[in-house]
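Down below is the structure, laid out as structure tokens.
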Amino acid sequence: MSTSPDNQKPVEPSDVEAAAPTTTFSAITQRWKRDDTIKKASPITRGLALLFSLLAFVIMVSNKHGPGRNFDEYEEYRYVVAIAILATLYTAWQTFVHLSKRDFFDRWTSILLDFSGDQIVAYLLISAASSAIPLTNRFREGQDNIFTDSAASAITMAVLAFVSLALFALFSGYKLSTTHSFV
């Protein structure tokens, strides 16, 4: 017989055994709620990643304001555009797959590809953004204008796309860890 720390009354072993089914039921319902939340949040984060990567691409490509102020004259900005295109295509494909509910691969392979692809594309997005930030800051030291503002906006969209994909990578990691068919 043990005592409860709250009121120091003895706790009977039969009381502990009777509470076990309630605890198990509670754990199961919590997992269902967590899985339901992930199912609802997944398309939202995927859609945000698509939106932000598309905006990063559009803003940077439209950043042409005369000699010396065109995005395509700078390697860092071209890198942002290339990765934004890649991220847009990847997230558009993943959104299509999710909304169409078609299986192109078996479940385990699909989850593994989601997890790997999300991490790779997220890394590329933050890499592109971090490569363009020093150039933009150097331009802003000389003069703050629409060219630097557009570049900063595109970089911000790339960072937000990274955050969305990083969050989705967490969801993919959770799905990967809870899938029981280890092939």
Side-chain angles (χ1 to χ4, degrees), residues 34-102 104-105 109-177:
R34 183 175 46 241
D35 289 347
D36 192 41
T37 302
I38 289 173
K39 277 185 180 178
K40 289 178 183 174
S42 291
I44 294 170
T45 56
R46 190 69 80 186
L48 287 174
L50 175 61
L51 174 69
F52 292 139
S53 59
L54 182 63
L55 284 173
F57 165 68
V58 169
I59 292 169
M60 190 59 86
V61 167
S62 65
N63 197 7
K64 292 188 171 201
H65 303 283
R69 294 173 33 185
N70 291 325
F71 85 92
D72 53 358
E73 295 176 18
Y74 303 98
E75 185 177 338
E76 294 87 344
Y77 294 154
R78 290 193 309 260
Y79 182 45
V80 170
V81 169
I83 298 305
I85 290 170
L86 179 73
T88 301
L89 293 173
Y90 173 77
T91 54
W93 171 255
Q94 289 290 0
T95 303
F96 167 74
V97 168
H98 179 77
L99 293 178
S100 70
K101 298 182 182 187
R102 293 178 59 191
F104 293 94
F105 304 104
T109 304
S110 179
I111 291 171
L112 190 60
L113 286 174
D114 284 352
F115 180 68
S116 302
D118 293 339
Q119 290 203 15
I120 291 168
V121 175
Y123 170 77
L124 289 172
L125 280 165
I126 200 66
S127 171
S130 65
S131 74
I133 288 172
L135 179 64
T136 305
N137 285 340
R138 206 169 34 250
F139 284 153
R140 285 189 167 219
E141 288 173 0
Q143 184 179 3
D144 210 6
N145 56 36
I146 193 164
F147 177 69
T148 57
D149 290 345
S150 295
S153 297
I155 292 167
T156 302
M157 292 301 116
V159 169
L160 290 173
F162 158 76
V163 169
S164 299
L165 270 177
L167 183 60
F168 198 83
L170 289 174
F171 296 154
S172 298
Y174 174 76
K175 288 178 189 175
L176 187 64
S177 70

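Only heavy atoms go into these numbers, but all of them, side chains included; no hydrogens, no water, no symmetry mates.
With rounding to the nearest 0.5 angstrom, the OG atom of Ser53 is 12.5 Å from the CG atom of Leu124. For the atom pair CD1 (Ile83) and CD1 (Ile126), the distance works out to 12.0 Å, reported to the nearest 0.5 Å. If you take CG on Leu55 and OG1 on Thr156, they are separated by 11.5 Å, rounding to the nearest 0.5 Å. Rounding to the nearest 0.5 angstrom, the gap separating the CD1 atom in Ile120 from the CG atom in Leu113 is 9.5 Å. Annotation: the span from Phe168 atom CZ to Leu170 atom CG amounts to 10.5 Å, rounded to 0.5 Å. The CZ atom of Phe171 lies 15.0 Å from the CG atom of Leu176; values are rounded to the nearest 0.5 Å.
Contacts of Tyr90 classified as side chain to side chain contact (heavy atoms under 4.5 Å, CB included), with partners at least two apart in sequence or in another chain: Arg46, Gln94, Asp118, Val121, Leu165. Applying the side chain to side chain contact (heavy atoms under 4.5 Å, CB included) criterion to Val61, with sequence neighbours excluded, gives Phe57, Phe71, Val81. Residues meeting the side chain to side chain contact (heavy atoms under 4.5 Å, CB included) test with Ser130, sequence neighbours left out: none. Listed by chain and number, the residues in a side chain to side chain contact (heavy atoms under 4.5 Å, CB included) with Leu50 are Thr88, Thr91, Ala92, Thr95 (sequence neighbours excluded). Evaluation of the side-chain hydrogen bond (donor to acceptor under 3.5 Å, both in side chains) rule for Ser127 yields Tyr79 as partners, not counting sequence neighbours. Partners of Ser62 according to the side-chain hydrogen bond (donor to acceptor under 3.5 Å, both in side chains) rule, which considers only residues two or more places apart in sequence or in another chain, do not exist here.
The list of salt bridge (charged side-chain N to carboxylate O under 4.0 Å, His left out) pairs with a residue in residues 50-67, not counting sequence neighbours, reads Lys64-Asp72. Annotation: salt bridge (charged side-chain N to carboxylate O under 4.0 Å, His left out) contacts involving residues 73-82, sequence neighbours excluded, are absent. The list of salt bridge (charged side-chain N to carboxylate O under 4.0 Å, His left out) pairs with a residue in residues 151-174, not counting sequence neighbours, is empty. The list of side-chain hydrogen bond (donor to acceptor under 3.5 Å, both in side chains) pairs with a residue in residues 157-169, not counting sequence neighbours, is empty.
Exactly one residue among Arg140, His65, Glu141 makes a side-chain contact (heavy atoms from CB on, under 4.5 Å) with Thr148. That residue is Arg140. Applying the side-chain hydrogen bond (donor to acceptor under 3.5 Å, both in side chains) test between Tyr77 and each of Asn63, Thr136, Asn70 identifies Thr136 as the sole match.
Nearest approach of Ala154 to Ala56, heavy atoms of both residues: O-CB, 3.5 Å. What you find for Ala166 and Ala122 is that their closest heavy atoms are N-CB, 4.2 Å.
Under the 3.5 Å distance criterion, the side-chain polar atoms of Ser150 are left unmatched by any main-chain donor or acceptor of Phe147.
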